[in-house]
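Heads up, the thing below is written out as structure tokens.
So you know, we letter chains A, B, ... as the sequences are listed, proteins then strands, and number each from 1.
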There are 2 protein chains.
Amino acid sequence: MQIINVQPETVFQALSDATRLRIMRLLCLTQEEACLCEFVDALQEPQYKLSRHIKVLKQAGLLSAWKDGRWIYHKLVDDTEFLQQLHKTILLLTDTSGVYDTDLQRFNERMTLRESGRCRIGVQNKTLLSETVNKQR
Amino acid sequence: MQIINVQPETVFQALSDATRLRIMRLLCLTQEEACLCEFVDALQEPQYKLSRHIKVLKQAGLLSAWKDGRWIYHKLVDDTEFLQQLHKTILLLTDTSGVYDTDLQRFNERMTLRESGRCRIGVQNKTLLSETVNKQR
DNA sequence: TGCATGGTTGCATGTTAATGCAATTAAATA
DNA sequence: TATTTAATTGCATTAACATGCAACCATGCA
């Protein structure tokens, strides 16, 4: 239902960005599904930035999503042998800088705030939100 | 001796180009080492173009090379579990357009021209060579 | 030592992509 | 129905990248 015709190079292109690799690594490690606000708190990156990176991963056929009210949960697509192998490969990346580990810790902490397995709060670090200027009228 | 500190995203960045994937796929399939002119005849792409793509792959720690006179042989680096897994993944890419297969056929044909396992001729398709303009004096 | 040849590279050009800001969309709730 | 809020997106800017052309480097051989 998802992947129709993604060029091989598009997949690797999607993985050629440090932030997108952090997202992928986190999902490979945890085998979880998560919404944008949880990614924001785990990676400590601006909401709009992660939103766009997730979009790229989705268009490359690497992620799928389902909607639950205002929350959209993202998870790995793993319905081909290629993708399963790719995930194994991503897990073998050496965490030289320690980011992957830090991301995982913050993610796990953030996951404790779920209620009955669902995200019920928004981004905790408010500085990472895009602000809407008060409309003067 | 080769990989010192290649960022994870640099590896995938190197694979995010169709031509570079063709080079990698060919080497994964054949487990061979080959010189530039052999790649040129196999992929039917300009010499300078492949030269630069091979350089990118080398800088990403994916290829290594050794010199034999005027010929330089390139081969896969596979001294880590990550790289071995990566090669498996590349082999699982579906050859939707059939390029990988065509490349392999032309490569195998080209390999029959080797003498005692060595390349002894240059690029066969001369239109793929960069030409030097005659110097007027 | 000069030439042929395998391979590399500087320069110019067009394209794609990442990011920040701020506005917008969409769904739940008061 | 107005407001809050999770998420997306248009716009502008900057940087990175692929490519073609033609010159250049480097090695072996006449």
Side-chain angles (χ1 to χ4, degrees), chain A residues 7 9-10 12-23 34-41 45-60 63 65-74 118-137, chain B residues 7 9-10 12-23 34-41 45-60 63 65-74 118-137:
Chain A
Q7 301 282 58
E9 60 270 22
T10 306
F12 292 110
Q13 150 70 22
L15 299 173
S16 71
D17 176 274
T19 307
R20 289 196 291 265
L21 268 184
R22 288 168 70 191
I23 296 172
C35 57
L36 182 57
C37 51
E38 291 172 327
F39 282 115
V40 171
D41 282 324
E45 295 283 348
Q47 194 180 34
Y48 68 83
K49 187 179 171 181
L50 295 186
S51 172
R52 276 201 264 243
H53 280 309
I54 287 173
K55 187 180 182 183
V56 173
L57 291 170
K58 211 177 298 178
Q59 286 173 338
L63 296 185
W66 63 276
K67 212 164 183 175
D68 177 36
R70 272 181 296 190
W71 286 267
I72 298 173
Y73 290 90
H74 306 277
R118 295 288 181 79
C119 178
R120 285 283 163 263
I121 57 177
V123 172
Q124 294 305 287
N125 185 340
K126 304 299 185 191
T127 67
L128 299 172
L129 290 173
S130 19
E131 12 179 344
T132 302
V133 168
N134 282 341
K135 284 173 194 155
Q136 311 261 33
R137 77 205 122 103
Chain B
Q7 302 282 62
E9 59 270 22
T10 306
F12 292 110
Q13 150 70 22
L15 298 173
S16 71
D17 176 273
T19 307
R20 289 195 292 265
L21 268 184
R22 288 168 69 191
I23 296 172
C35 57
L36 183 56
C37 51
E38 292 172 327
F39 282 116
V40 172
D41 281 324
E45 295 284 348
Q47 193 181 35
Y48 67 84
K49 186 179 171 183
L50 295 186
S51 173
R52 275 201 265 242
H53 281 308
I54 287 173
K55 186 180 181 182
V56 173
L57 291 170
K58 211 177 298 179
Q59 286 173 338
L63 296 186
W66 63 276
K67 212 167 183 173
D68 177 36
R70 272 181 297 189
W71 286 268
I72 298 173
Y73 290 90
H74 306 277
R118 295 288 181 78
C119 177
R120 285 283 163 263
I121 57 176
V123 173
Q124 294 304 287
N125 185 339
K126 303 300 184 189
T127 68
L128 299 171
L129 290 173
S130 19
E131 15 180 340
T132 302
V133 168
N134 282 342
K135 283 173 193 155
Q136 310 264 32
R137 79 204 123 102

Enter the distance from B/Arg70:CZ to B/Cys35:SG here, rounded to the nearest 0.5 Å. 11.5 Å

What integer distance in Å separates A/Arg70:CZ from D/dT3:P? 16 Å

Closest approach to the side chain of B/Tyr48, judged atom by atom: which nucleotide of C/dA27, D/dA22, C/dA18 is it? D/dA22

Rounded to the nearest angstrom, tell me the gap between atom CD1 in B/Ile121 and atom C1' in C/dA4. 16 Å

Rounded to whole angstroms, how far apart are CG on B/Leu129 and C1' on C/dT9? 16 Å

C/dG10 base to B/Arg52 side chain: any donor-acceptor pair below 3.5 Å? yes

About how many Å separate CD of B/Glu38 and NE2 of B/His74, when rounded to the nearest 0.5 Å? 10.0 Å

NA contact type, A/Cys35, heavy-atom cut-off 4.0 Å: base, sugar-phosphate, or nothing? sugar-phosphate

From C-beta outward on A/Lys49, which listed nucleotide comes closest to its side chain: C/dT19, D/dA6, C/dG6? C/dT19

OP1 or OP2 of C/dT5 versus the side-chain N and O atoms of B/Gln47: is any pair under 4.0 Å? no

Nearest-neighbour nucleotide for the A/Ile72 side chain, D/dT8, C/dG6, C/dA28 considered: D/dT8

If you look at every strand shown and take non-hydrogen atoms under 4.0 Å, does B/Gln13 touch a base, only sugar-phosphate, or nothing? sugar-phosphate

Rounded interatomic separation in angstrom, taking NZ from A/Lys58 and C1' from D/dT8: 10 Å

Any non-hydrogen side-chain atom of B/Leu36 less than 4.5 Å from a side-chain atom of B/Leu50? yes

Using OP1 and OP2 only, check whether a side-chain N or O of A/His53 sits under 4.0 Å from C/dA17. no

Among the nucleotides C/dT9, C/dT19, C/dA4, whichever has the atom closest to the side chain of B/Lys55 is C/dT9

Applying a 4.0 Å non-hydrogen cut-off, can you work out what B/Arg20 is touching in the nucleic acid: base, sugar-phosphate, or nothing? sugar-phosphate

In this structure, how many angstroms lie between the P atom of C/dG7 and the CD atom of B/Glu38, rounded? 8 Å

Can you find a side chain N or O atom of A/His74 that sits less than 4.0 Å from OP1 or OP2 on D/dA7? no

Whole-Å gap separating P (D/dC25) and CG (B/Leu36): 19 Å

Can you measure A/Trp71 atom CH2 to C/dA26 atom C1' for me and round it to whole angstrom units? 13 Å

To the nearest Å, how far apart are B/Trp66 CH2 and C/dG6 C1'? 14 Å

Just how far is it from atom CG of A/Leu128 to atom SG of A/Cys37, taken to the nearest 0.5 Å? 12.0 Å

Report the relative orientation of the aromatic rings in B/Trp66 and B/Tyr73; use parallel for angles under 30°, tilted for 30 to 60°, perpendicular for over 60°. parallel

I want to check one thing: is the phosphate of D/dA7, taken as OP1 and OP2, less than 4.0 Å away from some side-chain N or O of A/Ser51? no

More 5' along DNA chain C: A/Glu45 or B/Cys37, using each one's nearest nucleotide? B/Cys37

Using 0.5 Å steps for rounding, measure from the OG1 atom of B/Thr19 to the CD1 atom of B/Ile54. 11.0 Å

